[in-house]
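I have placed the structure first, in the form of structure tokens, so that the comments after it can refer back to it.
Predicted, not measured: the structure shown is a model, and the values here were computed from it. In what follows, chains carry the letters A, B, and so on, assigned in the order in which the sequence lines appear, proteins first and then strands, with residues in each chain numbered from 1.
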Number of protein chains: 2
Amino acid sequence: MDSATSNAQDRNTARHLPVDRVREILIVEDHPLMCDALALTLKISFGLKNVRTARSLSAAQEQIRNQGMPDAVILDVNLPDARGAEGLVMLRRQIPDVPITMISADLDNAMISAAMAAGAQGYVSKSLAREALVASLRRMWEGERVTPDSYVPEDAGEEDAARAELARRFASLTPQQMKILRLICQGKANKEISYELSIAEATVKTHITAIMSKINARRRTQAVLLANSVRLFEPA
Amino acid sequence: MDSATSNAQDRNTARHLPVDRVREILIVEDHPLMCDALALTLKISFGLKNVRTARSLSAAQEQIRNQGMPDAVILDVNLPDARGAEGLVMLRRQIPDVPITMISADLDNAMISAAMAAGAQGYVSKSLAREALVASLRRMWEGERVTPDSYVPEDAGEEDAARAELARRFASLTPQQMKILRLICQGKANKEISYELSIAEATVKTHITAIMSKINARRRTQAVLLANSVRLFEPA
DNA sequence: ACCGTCCTCCTCCCAAAGAACGAGATGGTT
DNA sequence: AACCATCTCGTTCTTTGGGAGGAGGACGGT
């Protein structure tokens with residue numbers, strides 16, 4: 001049903017690396033079965049020894065800090081930690097040059113398009129057959145940007161470039177700022193945010209000012225719009 | 001590809017009416033070709049004489065005021081005037097007992113689910129074959145709630161009931177309040193809204209207070225969230 | 001030891017948002 | 001005529017939001 005097709009050659013992503021230089025990959029996936037299945041498939045098909053795994057975004061980030069950068073990442077779109085493009089954006093902030101493959105159960109066209117604009121190396125379905133999955137990953141690790149062939153690139157480059165730029169701006173947010181933005185997007189007031197994060201409201205305001213300046217918004221409702229336009233946070 | 005399946009019997013919709021009592025229907029569709037094609041199909045297949053048409057939501061509303069209520073409505077999801085559930089909600093406010101069929105090019109599951117929760121009698125694809133279309137409409141006019149069979153009802157009743165309740169609340173908004181809410185959802189400030197509608201900012205505030213009270217929101221960002229949750233306004 | 005980043009908190013200040021009144025004008029219905 | 005819904009505008013007051021600027025502590029890298 002959904003194998004995969006090539007698109008443009010990498011513009012956003014920094015480095016091609018020959019497939020044989022991918023030695024260490026990191027799987028970020030909260031569902032244990034799927035996680036194991038993926039790891040196993042990769043070990044066998046690519047002869048990899050080191051397949052690292054993490055069950056949440058925060059776990060992944062800490063693991064990267066401690067154990068260093070992997071050569072490639074496979075990232076679930078729906079983590080308990082980070083739904084939507086948030087995980088991708090935060091990981092790219094930490095490891096800008098490592099190709100990140102998004103993996104998800106549903107192939108929402110808008111989500112795929114948002115992920116690609118945010119700089120994913122590719123997007124694959126969880127229901128893909130092993131061979132097709134392996135082939136897609138191989139091509140991604142050779143520098144190709146791969147999307148499901150059910151995907152239609154929707155609108156021409158102009159609007160897409162704006163979204164890529166936006167994603168870059170969001171990638172400049174610090175972790176704490178991202179937390180606060182998420183709460184803003186849930187309709188919380190500054191006071192509530194300060195309570196939830198156990199910090200002073202003044203601190204919340206300071207962060208918000210920084211956020212606004214980074215994403216170029218003036219009103220918080222605009223911030224919500226911008227976040228939604230790149231699908232930063234998906235509804236629970 | 002997408003014919004149609006029955007779902008629940010009408011709970012939200014007020015009246016069954018035997019198909020032969022549908023004498024006058026209103027098509028709201030901005031694309032002229034599709035509009036004509038629909039009208040023609042209906043005339044032939046149902047032997048209808050009076051097929052009224054309107055090219056925008058506002059045109060439809062005025063026409064109903066002048067020429068009275070139709071027996072059924074076919075409503076395009078993407079009007080220049082009203083994208084998403086807005087048209088449905090506003091029409092149901094005006095003609096609560098008339099079955100409204102949504103018609104759209106894309107079958108986004110979330111959109112279908114939002115439309116059904118908002119009280120649509122059914123949802124059909126524009127790419128449906130004539131016979132299937134006619135069959136679906138006949139069943140809707142007999143009181144059945146019809147969705148494309150690609151549609152999966154997603155989550156159980158509890159959450160859906162909340163959305164229906166929400167849709168009811170939105171249906172209580174006056175036209176001017178709906179305009180203002182739309183601008184709020186575009187991130188506009190009160191001052192900008194007052195300028196765009198050529199009214200005083202005090203008036204805008206008055207309307208907003210009424211809106212907030214009706215949809216039970218305290219902050220305007222919450223209003224945006226609520227509107228998005230029922231897909232009141234789709235992004236341009 | 002020094003610098004950069006991030007997080008924290010504060011004060012002062014002004015603009016925006018929202019609640020709570022009242023009230024006039026219109027148009028349609030009963 | 002009385003009523004109702006809607007739109008309009010105003011005043012007053014309180015709460016939030018947001019910008020500017022300063023400042024200190026923690027941590028990591030050069």
Side-chain angles (χ1 to χ4, degrees), chain A residues 58 61-62 64-69 90 93-94 96 170-226, chain B residues 58 61-62 64-69 90 93-94 96 170-226:
Chain A
S58 53
Q61 290 181 303
E62 193 182 328
I64 292 175
R65 268 195 301 280
N66 296 335
Q67 303 179 27
M69 293 166 42
M90 288 313 281
R93 172 188 153 85
Q94 202 172 357
F170 279 115
S172 75
L173 296 185
T174 68
Q176 189 74 335
Q177 286 167 2
M178 191 63 85
K179 276 189 199 170
I180 288 176
L181 180 56
R182 191 192 303 124
L183 294 172
I184 288 179
C185 290
Q186 287 166 12
K188 304 283 177 72
N190 291 350
K191 201 174 288 182
E192 296 173 308
I193 297 176
S194 77
Y195 179 76
E196 277 200 41
L197 299 182
S198 303
I199 56 180
E201 190 183 348
T203 308
V204 174
K205 285 189 176 186
T206 303
H207 283 305
I208 291 183
T209 301
I211 295 173
M212 299 294 219
S213 149
K214 282 179 178 177
I215 67 176
N216 200 25
R218 278 153 221 86
R219 281 171 284 290
R220 62 169 50 202
T221 46
Q222 290 182 330
V224 174
L225 287 190
L226 292 175
Chain B
S58 53
Q61 291 182 300
E62 194 182 329
I64 292 175
R65 266 196 303 277
N66 296 334
Q67 303 180 26
M69 293 165 42
M90 288 311 280
R93 171 188 154 85
Q94 201 172 357
F170 278 115
S172 75
L173 296 185
T174 69
Q176 189 74 333
Q177 286 167 0
M178 191 63 84
K179 276 189 198 170
I180 288 176
L181 180 56
R182 193 192 302 124
L183 293 172
I184 288 179
C185 289
Q186 287 167 12
K188 304 282 177 70
N190 291 350
K191 202 173 287 183
E192 295 173 307
I193 296 175
S194 77
Y195 178 76
E196 277 201 43
L197 299 182
S198 302
I199 55 180
E201 190 183 347
T203 309
V204 174
K205 285 189 176 184
T206 303
H207 282 305
I208 292 183
T209 301
I211 295 173
M212 299 296 218
S213 149
K214 282 179 178 176
I215 68 177
N216 200 26
R218 278 154 221 84
R219 281 169 282 291
R220 61 167 52 202
T221 46
Q222 289 181 332
V224 174
L225 288 190
L226 291 175

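Separating the CD1 atom of A/Ile215 from the P atom of D/dG18 is a distance of 11 Å, rounded to the nearest angstrom. Distance B/Ile180 CD1 to D/dT6 C1': 12 Å, rounded to the nearest Å. Atom CG of B/Leu197 is separated from atom C1' of D/dC7 by 12 Å (rounded to the nearest Å). The distance from atom CD1 of B/Ile199 to atom C1' of D/dC7 is 8 Å, rounded to the nearest whole Å. The interatomic distance linking A/Lys214 (NZ) with D/dG18 (C1') rounds to 17 Å, in whole Å. One can place CD of B/Gln177 at 11 Å from C1' of D/dA5, the figure rounded to the nearest angstrom. Rounded to a whole Å, the CD atom of A/Gln222 is 13 Å from the C1' atom of D/dG18. If you take CZ of B/Arg65 and P of D/dT6, they are 12 Å apart, rounded to a whole angstrom.
Heavy atoms of A/Thr203 sit under 4.0 angstrom from at least one base atom. Contacts of B/Ala200 with the nucleic acid, taken as non-hydrogen atoms under 4.0 Å apart, involve only primed sugar atoms and P, OP1 or OP2.
Although no hydrogens or angles enter the test, the distance criterion places no donor-acceptor pair under 3.5 Å between the side chain of B/Ser198 and the main chain of B/Ser194. A donor-acceptor pair is defined here as one N or O able to donate and one able to accept, closer than 3.5 Å; no such pair exists between the side chain of A/Arg220 and the backbone of B/Thr221.
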Produce a footprint string for nucleotides 21-30 of chain D: one letter per nucleotide, 5' end first; B if the base is under 4.0 Å from any protein heavy atom, S if only the sugar-phosphate is, - if neither. ----------
Quick one: what's the B/S/- string for nucleotides 12-17 of chain D, heavy-atom cutoff under 4.0 Å, read 5' to 3'? ----SB
Result block: side-chain N/O donor-acceptor pairs under 3.5 angstrom for residues 207-216 of chain B, not counting sequence neighbours:
| unit_1 | atom_1 | unit_2 | atom_2 | d |
| --- | --- | --- | --- | --- |
| B/Thr209 | OG1 | B/Lys205 | O | 2.9 |
| B/Lys214 | NZ | B/Ser172 | O | 2.8 |
| B/Lys214 | NZ | B/Gln177 | OE1 | 3.0 |

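Within the 4.5 Å cutoff, the side chain of A/Pro175 has no heavy atoms near those of the A/Gln61 side chain.
Residues satisfying the side-chain contact (heavy atoms from CB on, under 4.5 Å) criterion with A/Glu62, sequence neighbours excluded, are A/Arg65, A/Asn66.
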For nucleotides 25-30 of chain C, tabulate all protein N/O to nucleotide N/O atom pairs closer than 3.5 Å, reporting atom names and distance.
none

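In this structure, B/Gln176 reaches the D/dT8 phosphate: one of its side-chain N or O atoms is under 4.0 Å from OP1 or OP2. For C/dC6, the OP1/OP2 oxygens have a side-chain nitrogen or oxygen of A/Arg93 closer than 4.0 Å. Using a 4.0 Å cut-off, some side-chain N or O of A/Thr209 falls inside it from OP1 or OP2 of D/dG19.
An angle of 30°, rounded to 10°, separates the two end axes of the helix from C/dA1-D/dT30 to C/dT30-D/dA1, each defined over five pairs.
Rounded to the nearest 0.5 angstrom, B/Leu181 CG and B/Ile193 CD1 are separated by 9.0 Å. Once rounded to the nearest 0.5 Å, the distance linking CG of A/Leu173 with CD1 of A/Ile180 reads 10.0 Å. From B/Glu201, atom CD reaches atom OH of B/Tyr195 across 15.0 Å, with rounding to the nearest 0.5 Å.
Applying the salt bridge (Lys or Arg N to Asp or Glu O under 4.0 Å) rule to pairs touching residues 174-199 of chain B yields A/Arg219-B/Glu192, B/Glu86-B/Arg182, B/Lys188-B/Glu196, sequence neighbours excluded.
Side chain of B/Ile208, nearest nucleotide from C/dC7, C/dG18, D/dG18: C/dG18.
Of all the heavy atoms in A/Ala223 and A/Ala217, the pair that sits closest is N-CB, 4.0 Å.
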